[in-house]
Amino acid sequence: MATGRGWPAAAVSLLLLGVFQAEAQEGILRASSEETSLKIREYCIIFNAQWMPLPSTLTNATNYQLQDLTSTELCNSSDVPAEGIKDKLVVVKRGNCTFIEKARVAVGNHAKALLIASTSGLIPPSGNTSEYDQLQIPVALISFDDVLSMKKVLGNQISATLYSPPMPSMDYSILIIFFIAVGTVALGSYWSGIEEPESESLSPESRSKTRRGSKNEDTANILTPITVLFFVIIVIVMIVLLYFFYKWLVYVVIAIFSVASTISLFNCLSALVRRIPYCKCSFMCSNRRIEVRLVVLALFCMSLAAVWVVFRNNDRWIWILHDCLGVAFCLNFLKTLKMPHFKSCVILLVLLLIYDVFFVFITPLFTPNHESIMVEVATGSGSGSGEKTTGANLMELAVAPAPHNENLPVVIRVPRLVPSVATLCGIPFSVLGFGDIIVPGLLVAYCRRFDVETNGYNIYFILCTIAYAAGMILTFVVLIVMKMAQPALLYLVPCTLITCTITAITRKELRIFWTGSVYEMMTPVDAASEETAALIEPVSENPSEI
């Protein structure tokens with residue numbers, strides 16, 4: 001299986017260049033049976049904090065008697081039963097009227113709180129901002145299945161409390177994300193500077209010819225300044241199209257990822273398998289010798305990708321396979337796509353930094369719901385997805401997306417490890433976009449190859465990798481302190497670019513580091529080899545002329 005050569009297709013992987021977290025508008029319904037105090041259950045609820053905030057602790061919350069009116073929609077006062085709903089926590093059915101209209105009826109009949117049972121996913125209730133001051137009671141959504149379960153377990157006499165404990169400021173899952181990101185960048189960049197096993201056994205002259213031939217073959221995989229511009233344009237067009245046509249294009253992205261991850265996983269594993277000196281059985285096919293173990297490996301990689309496609313929405317365990325495929329994708333990307341010089345690296349990183357900042361901070365000024373296009377696409381709630389989420393912070397996907405929504409498979413994700421209200425509402429994930437690994441990783445990979453061609457001491461590679469790790473730490477610190485959407489490239493790009501520039505200036509190699517002449521011209525070893533060949537070749541062909 002050969003590596004993909006078209007850089008435009010690779011642009012899809014850089015759509016999400018940030019770390020996201022859905023805004024924490026989750027709460028807890030703590031229900032207990034009035035018949036026996038031993039039966040207590042907790043259920044997830046979703047509310048709008050701008051309407052009426054919930055107490056942050058159970059001790060400050062008020063206990064209400066729950067009244068089940070899920071047979072009605074409470075769109076007008078005629079839906080109120082004869083015994084009334086005074087001082088009750090009322091559960092009604094989600095219907096044709098708005099949340100605010102239901103709340104008005106509940107307030108007018110002296111209810112203390114309103115729960116709306118939904119059968120189509122939990123979305124934070126929204127409405128006209130000017131009408132928020134009319135709401136004087138808590139309003140939240142709860143799953144209709146949870147209402148049925150509550151009645152089955154606790155009976156008909158239920159008292160309940162609404163509260164929303166604060167989310168923990170830090171989760172240990174970000175440490176796992178950190179090690180995955182830094183390890184992938186370091187390993188992929190180091191791999192990009194390693195010769196293939198076949199070329200290591202050749203003579204210096206043959207190795208030089210092989211290296212020049214591989215450079216010519218990889219021309220399509222080199223990002224020159226012109227191709228960088230086209231690359232960024234494709235990324236911008238793709239994310240805009242995803243925003244407007246998400247529910248269709250998400251399947252295109254899933255198909256691309258499944259194919260690309262299969263090829264990437266094969267390339268990563270085959271690089272290891274080829275170094276094993278055993279089980280080299282092979283057969284001829286179309287005048288080519290094919291190793292049996294590589295065919296088995298290809299089938300294995302395709303099987304893993306097929307398993308991911310089938311079970312991609314099973315969050316409880318598929319994230320492990322998803323991350324393995326994602327890491328393989330990033331490693332193969334860093335190995336395959338090459339930056340010819342520091343100039344191209346600067347252009348790519350700066351343009352994508354501007355792109356990142358624009359789509360996170362500027363686009364909310366133009367979107368109808370004042371949310372960034374980046375976050376809308378990240379959470380699967382673009383204008384073409386059919387459902388909306390309100391707001392986004394760092395580091396976590398939407399907790400309760402609509403059932404039909406698909407998530408873009410362009411992030412590394414790890415379940416949150418600290419128990420919280422979010423873990424009650426679903427399986428929240430700490431996530432990091434592939435772009436935050438690949439884009440700075442291309443610079444680190446260039447540093448690795450530059451070290452191999454010039455000094456052989458990995459100075460640029462080591463320092464740039466450390467700078468990437470420092471940028472990731474800075475990103476997580478801002479995440480914890482600010483608790484708002486931050487484009488990760490805002491910190492990764494300056495850390496890596498400044499470090500490389502200072503290193504090149506200190507070593508007095510800025511000019512050659514900037515132009516990358518070792519990639520654009522023949523190396524001295526290659527030149528000497530060709531000159532030697534030019535002198536020897538005529539002699540061997542015409543011995544009579546000596």
Heavy atoms only: give me the nearest [X]-[Y] pair and the separation to one decimal.
X	Y	answer
Ile459	Asp451	N-OD2, 3.3 Å
Val411	His322	O-NE2, 2.7 Å
Cys464	Cys500	SG-SG, 3.4 Å
Phe461	Ala186	CZ-O, 3.5 Å
Tyr246	Val377	CE1-O, 3.6 Å
Gly188	Leu331	N-CD2, 3.3 Å

For this session: Look at the rings of Phe311 and Trp317 and say which category their plane angle falls in: under 30° parallel, 30 to 60° tilted, over 60° perpendicular.
Result: tilted
For this session: Describe, in one word, how the ring planes of Tyr446 and Phe513 are oriented to each other, choosing from parallel (under 30°), tilted (30 to 60°) and perpendicular (over 60°).
Result: tilted
Going from [atom1] on [X] to [atom2] on [Y], what distance comes out if it is rounded to the nearest 0.5 angstrom?
X	Y	atom1	atom2	answer
Leu54	Ser164	CG	OG	6.0 Å
Leu241	Ile234	CG	CD1	11.5 Å
Leu443	Cys345	CG	SG	5.0 Å
Ile180	Leu175	CD1	CG	11.0 Å
Ile174	Thr475	CD1	OG1	10.5 Å
Asp315	Arg413	CG	CZ	5.0 Å

For this session: Go through the steps for Val478 and Leu490 under the test side chain to side chain contact (heavy atoms under 4.5 Å, CB included), then give the verdict.
Result: CA-CA 11 Å; Val478 176; Leu490 184 62; over 6 Å; no
Please answer whether the main-chain N or O of [Y] pairs with a side-chain N or O of [X] as donor and acceptor at a distance below 3.5 Å.
X	Y	result
Asp323	Ile412	no
Ser261	Ser258	yes
Ser344	Leu223	yes
Arg312	Val309	yes
Ser189	Ala445	yes

Using side-chain heavy atoms (C-beta onward) and a distance below 4.5 Å, is [X] in contact with [Y]?
X	Y	value
Ile254	Trp308	yes
Leu229	Leu351	yes
Ile142	Ile116	no
Tyr460	Phe342	no
Thr515	Lys343	no
Val253	Leu242	yes
Phe476	Leu479	yes
Thr503	Glu509	no

For this session: Please test Tyr355 against Leu352 for side chain to side chain contact (heavy atoms under 4.5 Å, CB included), starting from the C-alpha separation and ending with a verdict.
Result: CA-CA 5 Å; Tyr355 152 88; Leu352 289 178; 4.2 Å; yes
Exercise. When you look at Phe359 and Ile236, which way does the side chain to side chain contact (heavy atoms under 4.5 Å, CB included) test go after all the steps?
Worked result: CA-CA 9 Å; Phe359 279 97; Ile236 293 173; 4.0 Å; yes
For this session: For Thr227 and Thr224, test the side chains for any donor-to-acceptor distance below 3.5 angstrom and give the result as yes or no.
Result: yes
Exercise. Thr367: what forms a side chain to side chain contact (heavy atoms under 4.5 Å, CB included) with it, not counting sequence neighbours?
Worked result: Tyr243, Asn369, Ile373
For this session: Applying side chain to side chain contact (heavy atoms under 4.5 Å, CB included), name anything that partners Ala260, two or more places apart in sequence or on another chain.
Result: Phe329
Problem set entry | Check against side-chain hydrogen bond (donor to acceptor under 3.5 Å, both in side chains), Ser118 and Arg94 | CA-CA 6 Å; Ser118 175; Arg94 185 175 180 178; 3.1 Å; yes
Exercise. Side chain to side chain contact (heavy atoms under 4.5 Å, CB included) between Tyr468 and Ile437: does it pass, once the steps are laid out?
Worked result: CA-CA 9 Å; Tyr468 176 80; Ile437 297 175; 3.9 Å; yes
For this session: Check side-chain hydrogen bond (donor to acceptor under 3.5 Å, both in side chains) between Tyr190 and all other residues, then give those that pass, not counting sequence neighbours.
Result: none
For this session: May I ask you to check whether Phe47 and Phe99 place their ring centers less than 6.0 Å from one another?
Result: no
